[in-house]
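Notes for the one structure printed next.
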Amino acid sequence: MNRIYCAIGKIVEVTQNIEVDLGEICEKSEIIKEFGRHQKITLDAYSQVVSDAEYLKEKMQTMTFGALIGVIYESKSLSFDEINKLKSLLEKRNYFTHEYFKLTKFEGESEEFLIDEFNALKEYLAELKKMLNRLKIIKSGQIERLNYLCAKAGI
């Protein structure tokens with residue numbers, strides 16, 4: 001049973017890391033979009049968009065996972081497929097954090113049942129980690145793109 005508790009704890013931890021990365025991706029996306037709106041961006045305009053993007057990221061830190069996905073969707077920071085995958089992960093996360101222990105009766109169950117439950121949690125955790133790795137790749141690409149755009153603009 002302890003392995004199930006640990007797996008759910010890890011699910012919560014990885015989900016929180018995903019939430020942080022979503023805020024950072026949205027922040028960088030907003031800055032990159034501003035470069036696309038201007039032939040030549042001034043230092044003042046750049047400073048303002050960075051400030052606005054940082055404010056958005058801070059605001060996102062207080063949002064639920066579902067609200068974050070909504071902001072990401074509106075900002076077009078991720079592809080439609082990635083957003084749908086996030087929605088699917090959210091549904092499963094909500095089940096495991098809000099319903100799982102209410103609906104799953106462990107008393108009197110066999111060791112095989114517990115192993116099956118743990119394996120299901122491990123599968124979901126692997127999906128979350130895969131998404132987290134994908135977000136880290138996206139974020140890294142955004143950082144490279146921002147560095148290039150800033151260098152090109154002399155910022």
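We use all heavy atoms of the structure for the numbers below, so side chains are in, but hydrogens, waters and symmetry mates are not. Remember, it's a predicted structure, so these values are computed and weren't measured experimentally.
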Study note, to complete from the structure: Heavy-atom closest pair (Gly66 atom, Leu90 atom, distance to 0.1 Å) is CA-CD2, 3.5 Å
**Study point:** Separation between CG of Leu68 and SG of Cys26, rounded to the nearest 0.5 Å
**Key:** 9.0 Å
Check your understanding: If you take all heavy atoms of Ile11 and Thr15, which pair is closest and at what distance?
Key -> O-OG1, 2.7 Å
Review point. Which distance, rounded to the nearest 0.5 Å, do you find between the NZ of Lys85 and the NZ of Lys87?
Key: 14.0 Å
Point to revise | ILVMFWY cluster, Tyr55 and Ile25 together (side-chain gap under 4.5 Å) | key: no
Check your understanding: Are Leu78 and Leu135 side-chain neighbours, meaning at least one heavy-atom pair lies under 4.5 Å?
Key -> yes
Check your understanding: Just wondering, do Glu82 and Ile138 contact through their side chains at under 4.5 Å, heavy atoms?
Key -> yes
Review point. Going only through I, L, V, M, F, W and Y residues with side-chain contacts under 4.5 Å, is there a path from Leu103 to Phe96?
Key: yes
**Study point:** Straight-line distance of Asn133 CG to Leu128 CG, nearest 0.5 Å
**Key:** 11.0 Å
Review point. Should we say atom CZ of Phe106 is surrounded by more than 12 heavy atoms from elsewhere, each under 6.0 Å from it?
Key: yes
Review point. Which atom pair, heavy atoms only, marks the closest approach of Arg3 to Phe118?
Key: NH2-CE2, 3.0 Å
Check your understanding: Should Tyr148 and Val50 be counted in the same cluster of Ile, Leu, Val, Met, Phe, Trp and Tyr side chains packed under 4.5 Å apart?
Key -> yes
Practice item. Report yes or no: do Asn119 and Glu123 form a side-chain donor-acceptor pair below 3.5 Å? Key: no
Practice item. For the residue pair Gln142 and Ile32, establish whether any side-chain heavy-atom pair is separated by less than 4.5 Å. Key: yes
Review point. Ignoring hydrogens and geometry, is there a side-chain-to-backbone donor-acceptor pair from Lys33 to Ser75 under 3.5 Å?
Key: yes
**Study point:** Ser140 side chain to Lys136 backbone, donor-acceptor under 3.5 Å
**Key:** no
Point to revise | salt bridge (Lys or Arg N to Asp or Glu O under 4.0 Å): pairs with one or both residues in residues 56-78, sequence neighbours excluded | key: Glu27-Lys57
Review point. Counting N and O atoms only, with roles assigned by atom type, does the side chain of Lys40 sit under 3.5 Å from a partner on the main chain of Ala153, one being a donor and the other an acceptor?
Key: yes
Review point. CD of Glu111: more than 12 outside heavy atoms within 6.0 angstrom?
Key: no
Exercise for review: Could you tell me which residues satisfy ring-ring contact (aromatic ring centres under 6.0 Å, His included) with Tyr5, sequence neighbours excluded, listed by chain and number?
Suggested key: Phe101
Exercise for review: Measure the shortest side-chain to side-chain distance between Leu56 and Asp52 over non-hydrogen atoms and say whether it is less than 4.5 angstrom.
Suggested key: no
Review point. What distance separates Asp21 CG from Ile137 CD1, expressed to the nearest 0.5 Å?
Key: 11.5 Å
Practice item. Run the salt-bridge test on Glu34 and Arg37 with the 4.0 Å N-O cut-off and return the result as yes or no. Key: yes
Check your understanding: Quick one: OG1 on Thr42 to CD1 on Ile155, what's the gap to the nearest 0.5 Å?
Key -> 7.5 Å
Point to revise | From OG (Ser79) to CD1 (Ile72), nearest 0.5 Å | key: 11.5 Å
Check your understanding: Is there a path from Val12 to Leu125 through hydrophobic residues (I, L, V, M, F, W, Y) whose side chains come within less than 4.5 Å of each other?
Key -> no
Practice item. Please check if atom OH in Tyr100 has more than 12 non-hydrogen atoms from other residues, nucleotides or ligands closer than 6.0 Å. Key: yes
Practice item. Check whether more than 12 heavy atoms from other residues, nucleotides or ligands sit under 6.0 Å from atom CD of Glu112, and answer yes or no. Key: no
Point to revise | Residue list, ring-ring contact (aromatic ring centres under 6.0 Å, His included) with Tyr46, at least two apart or on another chain | key: Phe35
Review point. Taking C-beta and beyond as the side chain, do Met60 and Glu19 meet within less than 4.5 Å on heavy atoms?
Key: no
Practice item. Flag the pair Gln16 / Phe65 as yes when at least one side-chain heavy-atom distance between them is below 4.5 Å, and no otherwise. Key: no
Practice item. Measure the shortest side-chain to side-chain distance between Leu86 and Leu22 over non-hydrogen atoms and say whether it is less than 4.5 angstrom. Key: yes
Point to revise | Joint hydrophobic cluster, Val20 plus Leu132, side-chain heavy atoms closer than 4.5 Å | key: no
Practice item. For Lys10, look at atom NZ and say whether over 12 heavy atoms of other residues, nucleotides or ligands are found less than 6.0 Å away. Key: no
Check your understanding: Taking C-beta and beyond as the side chain, do Tyr124 and Ile8 meet within less than 4.5 Å on heavy atoms?
Key -> no
